[in-house]
Amino acid sequence: MARQVILFLIIAACLNASVLGDRDHPVPGRSLDGQTHAIKYLEEQQTQYWVDKAQAKILSKLAEAQSTNTNKAKNVILFLGDGMSVHTVTATRNLLGDSASQVYFEGFPFTGLSKTYCVNRQVADSACTSTAYLGGVKANYGTIGVNANVTRYSCDGAQNEEDQVLSIAQWAQAAGKDAGLVTTARVTHASPAGVYAHIADRNWENDWEVANRFCDPEKTIDIARQLVEQPVGKGLKVILGGGRQMFINATFNDEEGLPGLRNDGRHLINDWLEQKKEANVSANYVWSRKGLSLVDPEKTDYLLGLFASSHLPYNGDRIRKRSQLADPSLSELTEAAIRVLSKNSEGFFLFVEGARIDMAHHDTYARRSLEDTAEFANAVKTARELTSDEDTLIVVTADHAHVMSINGYPDRTQDITGLAQNADDGLPYTTLSYANGPGYYNGFNRVEGRAKLKAKLLDDADYQYPTLVPLDAETHGGDDVAVYASGPYAQYFSGTYEQSNIPALMARAAGIGPYA
Ligand SMILES: *[C@@H]1O[C@H](CO)[C@@H](O)[C@H](O)[C@H]1NC(C)=O
Ligand SMILES: *[C@@H]1O[C@H](CO)[C@@H](O)[C@H](O)[C@H]1NC(C)=O
Ligand SMILES: *[C@@H]1O[C@H](CO)[C@@H](O)[C@H](O)[C@H]1NC(C)=O
Ligand SMILES: [Zn+2]
């Protein structure tokens, strides 16, 4: 009897499948726009097309095997796409034209995966990760340039020298190389701060923030002051990004009329200029794209560029809004940095951050995040073209992932930022969506349920992609991030490893620091 029931169930299941199709993998039907799922590129229909592609790949692998680069890396450039998850890179291919497109650094010969967890959290932030990928030590969430003995917000936690973690920028300086940083965030933000700061809370970018947590700002030195006054920051030849507000008192206005956030009366930009004058070195401070274009890198030893009161604009907005073209692009900043740093015959270490990939994701502005990833890739291309892979190691990675997914079964012809198919409620859903974040509020409401999405809405960069869970800011993701490498010892970067291994591998390639 029982056997008959089972047999019946099996037959029923099979009939069901053949009548309705496989519910997990829908059969070709019609897509949202009523078109059949036509083939986008006719050559992809041919077996030979794929065979030829594979042959070309084998040839390039054979060539690589013969030319494994074991030169000493004179220069090292670390590109950090903040929050640039693997999904973000994949989706950017589509933004560039098609699933088969290549984001520039995907063409690098070696790729690996980095494990991003921090000492006390599975999902990391940009602070503890910066200590890992710049200093080689994992730490507590929210802390920068210190080991995990230092708990977040402990006023004097970062003052014990034993617990301070030095970055590869310091190792480079100690070896006679120059060092610099470029970011589209405030130069005091968590990722760039990993280059030069030691602090128990990432928010302590100015003295007011330190006092706000009941610490004495004359003892717990804020990040902006560390950049200007402490050895590694003082020695940086290039500092380019945003964040003027962290450098000047609340009673002063910057060049664009915006007030500072400091309460200690300091004007750290003037202090920096004064300090360089005293040292009798050529130093330039610029605050606009025009100012940057007038800098002669041959005659500039130290370059400080602060182009915004806070962060630089999203690259997509920079292009869409003429007024923001007054700000330099990440590629332009990268070029200026390399030109200044290249003067040192001993070489340099440069950190370049595409910071706003992350910030766009936090707001579930998927389009902006992909646009910033595309510009980040342009900056990598600029760097690779300005340097030689014989002597310059370029490593591209991210600090942590985000919770954006690529879902549905969109046709090859559909935009990545557009709609996928209709769901069971008869309403369309987007190909990109997030596990959590602010997009919840426009994607769903208690009375009507899911919003009736119109494709046109999705053309707007301000559209916040739908989420499952309501959260004011979307969270980071805990998945591994990719590492792409080109140049001397790029082969070190294949495999799956701890994020904290990255600076050790770079330093080994350059023969600097504790891993030389
Ligand atoms: C950190 O803490 C551990 C014990 O918890 C201690 O053994 C170690 O010496 C401390 N300092 C450093 C720099 O690791
Ligand atoms: C700096 O700003 C604080 C807060 O507004 C103010 O009390 C103080 O007088 C200012 N210091 C100077 C030197 O302007
Ligand atoms: C400063 O540098 C210039 C040129 O590099 C040199 O001629 C001059 O003597 C220096 N002055 C001092 C005070 O060191
Ligand atoms: Zn973030």
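All ligand and atom numbering here is 1-based and tracks the order in the structure.
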For Arg356 and Asp82, what are the C-alpha separation, side-chain angles and deciding distance, and is it a salt bridge (charged side-chain N to carboxylate O under 4.0 Å, His left out)?
CA-CA 7 Å; Arg356 307 214 63 196; Asp82 200 306; over 6 Å; no

Does ligand 2 have any N/O pairs with the protein under 3.5 Å, and how far apart?
from: ligand 2; atom 1: 2 (O); to: Asn249; atom 2: OD1; distance (Å): 3.3
from: ligand 2; atom 1: 2 (O); to: Asn249; atom 2: ND2; distance (Å): 2.4
from: ligand 2; atom 1: 11 (N); to: Asn249; atom 2: ND2; distance (Å): 2.9
from: ligand 2; atom 1: 14 (O); to: Asn249; atom 2: ND2; distance (Å): 3.4
from: ligand 2; atom 1: 14 (O); to: Thr251; atom 2: OG1; distance (Å): 2.9

With a 6.0 Å cut-off on the ring centroids, do [X] and [Y] count as close?
X: Tyr484; Y: Phe108; answer: no
X: Tyr463; Y: Tyr465; answer: yes
X: Trp272; Y: Phe247; answer: no

Side-chain donor-acceptor pair under 3.5 Å between His361 and Ser369, yes or no?
yes

Checking Gln464 against Thr364: is there a side-chain donor and acceptor pair closer than 3.5 Å?
no

Please find out if the Zn ion (ligand 4) and some N, O or S atom of Asp358 are separated by less than 2.8 Å.
yes

Can you tell me the angle formed at the Zn ion (ligand 4) by NE2 of His362 and NE2 of His476, to 10°?
90°

Rounded distance (nearest 0.5 Å) linking atom NE2 of His402 with atom CG of Asp358:
3.5 Å

